[in-house]
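Hydrogens, waters and symmetry mates are skipped; everything else that's a heavy atom, side chains included, is used. All values reported here derive from a predicted model rather than from experimental measurement.
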Amino acid sequence: LDHGPFRLLFEGQDSRAYWNNDKGDFVNDTTVNEWDILQLFGSFTLDNVLESGLRTDLHFGRMTLDFGKRRYLSRNDNTNTTKAFDGVHWQIGQAKTWRFRAFLVEPVIRDMVKLDEQNANNVFWGTYVESQHIPWFNVNVFYFGLNDQQLQNKNLHRTYSTYGLRLFKSPAINEFDYEFEGAIQTGRLGNVDHFAYNPNAEVGYTFNLPWTPRFLVQYTYASGTRTPGGSQDGNFDPLFGERQFDLMPTGNFGPFIRSNISSPGWRLIAQPAEGWRVQVKQRFWYLAQSSAVYGGGLLQDSTGGAGNYLGHDLEFRVQWAVSQNLDFDAGYDHWFKGSYFDRLPASANLPAGGNKDTDYFYFQMKVRL
């Protein structure tokens, strides 16, 4: 509904899984969320605050959130269900030159059948500043706070502060582009001090050739705990971020998260026709700390004897935007498993066949009404 500066938005979600009665089928709240409210919020907008040329928006209710490159807070787009938050979000800015954003929310807890709810014992807040005053030196500065006391196990309670900086230049033909985004986390995990960090870097070049190919070199590091069971936790917490755009497909796959990884790689992106986008990517995967938990598979060799090489993957992805109301996304990823999985001790409880290579296919379609 749209009436002057006041607006009301509703978005529903009905996510289901079919033919899932066989042993080993993957069903949880990332695949199933039946007949639920994804967004229901009111907003107040002023396009010219006090004749200053500034625009401001206030949103209150249930909403999805995207911030910056979406590494730490995003509306996920490669899973069958979607993250949402209950609370308030405010922003003010001047066109594309600069913007300030702030929010205070409670993450929504998905239930596969019943209506989703929030929990007052889990609060998330933050501020985000964006500046595009210098085209070749765009700057984002941000802070996110998390106080998650939901679980009965107090050793898993999280009280984190995440401080971050992003510097980047957008791609352009016959020009280099770059991005650096780093974050530092401090706080407590249960009764243990928490200190972790996550630098990400990439450099690309767009060629003036048919299909406008863009080649990138990328690197991601997310810290792990140096001494498991010690007095400090070092596993970076990815908060509510997205992974598909730079790491790998997620959905019911996603074996790598921004925690205890070191990953160099490359990516080639091309546009063969209007509305089409094709990507080929390869990344190599290592544990940042060999004795810490491999977060994507919840495996651990606390002695470090299994090493840190998790393997490498090759991914091919095709996207086709037919119109503003219809698009397709399909991909294939082959993960060549590394020596880590062959050398894990029996105590790690690696499932039978867990050291074999993995093939993952996906196809998704979005229809907007």
**Asked** Is a salt bridge present between E181 and R258, judged by a nitrogen-to-oxygen distance below 4.0 Å?
**Response** no
**Request:** Using a strict 4.0 Å threshold on nitrogen-to-oxygen distance, state whether R71 and D246 make a salt bridge.
**Result:**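 Yes.
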**Request:** Please state whether the rings of F207 and Y205 are parallel, tilted or perpendicular, taking 30° and 60° as the class boundaries.
**Result:**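 Plane angle over 60°, so perpendicular.
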**Request:** Give me the ring orientation class for H89 and F67: parallel if the planes are under 30° apart, tilted from 30 to 60°, perpendicular past 60°.
**Result:** perpendicular
**Request:** Take I269 and Q279, measure what side chain to side chain contact (heavy atoms under 4.5 Å, CB included) needs, and give me the verdict at the end.
**Result:** CA-CA 5 Å; I269 305 170; Q279 299 186 52; 3.9 Å; yes
**Request:** Please report the C-alpha distance between Q39 and H59 in whole Å, then the side-chain angles of each, then the deciding distance to 0.1 Å, and finally whether the side chain to side chain contact (heavy atoms under 4.5 Å, CB included) criterion is met.
**Result:** CA-CA 11 Å; Q39 296 195 91; H59 307 123; over 6 Å; no
**Verdict with supporting geometry, L46 and F44, side chain to side chain contact (heavy atoms under 4.5 Å, CB included)** = CA-CA 7 Å; L46 290 178; F44 175 75; 3.8 Å; yes
Between [X] and [Y], is there a donor-acceptor pair closer than 3.5 Å when you use the side chain of the first and the backbone of the second?
X	Y	value
T212	Q271	no
N76	S74	no
K337	K356	yes
D36	D116	yes
Y178	W136	yes
K281	L247	yes

Could you tell me if [Y] and [X] have a donor-acceptor pair between their side chains, going purely by distance under 3.5 Å?
X	Y	answer
N200	N198	yes
D342	N355	yes
D301	Y294	no
N147	Q149	yes
Y72	Q185	no

With a 6.0 Å cut-off (strictly less than), is the heavy-atom count around [atom1] of [X], excluding the residue itself, greater than 12?
X	atom1	answer
L50	CG	no
D359	CG	yes
R16	CZ	yes

**Prompt:** salt bridge (charged side-chain N to carboxylate O under 4.0 Å, His left out) with R243: which residues, sequence neighbours excluded?
**Reply:**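 Checked R243 against salt bridge (charged side-chain N to carboxylate O under 4.0 Å, His left out); zero matches.
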Going by ring pair (Phe, Tyr, Trp, His ring centres under 6.0 Å), [X] matches just one of [options]. Which one?
X	options	answer
Y128	F142, Y143, W98, Y163	F142
W276	W211, F328, W320	W320
W335	Y360, F256, F284	F256

**Request:** Decide whether a cation-pi geometry holds between R101 and F103; the criteria are a distance under 6.0 Å from NZ or CZ to the six-membered ring centre and an angle within 45° of the ring axis.
**Result:** no
Check: [Y] and [X] side chains under 4.5 Å, non-hydrogen atoms:
X	Y	result
V318	Y332	no
R226	Q232	no
F236	Y221	no
R158	H194	no

**Asked** With N260, which of T225, N235, V293 fulfils side-chain contact (heavy atoms from CB on, under 4.5 Å)?
**Response** N235
**Prompt:** Under the criterion side-chain contact (heavy atoms from CB on, under 4.5 Å), which of Q91, Q132, Q94 is the partner of R99?
**Reply:**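 Result: among Q91, Q132, Q94, Q91 is the only option passing the side-chain contact (heavy atoms from CB on, under 4.5 Å) with R99.
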**Message:** With side chain to side chain contact (heavy atoms under 4.5 Å, CB included) as the criterion, how do R166 and V139 come out once you've worked through the C-alpha distance, each side chain's angles and the decisive distance to 0.1 Å?
**Reply:** CA-CA 6 Å; R166 179 178 175 228; V139 180; over 6 Å; no
**Asked** Which pair of non-hydrogen atoms, one from P135 and one from K169, has the smallest distance, and what is that distance?
**Response**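 Residues P135 and K169, closest heavy atoms: O-CG, 4.2 Å.
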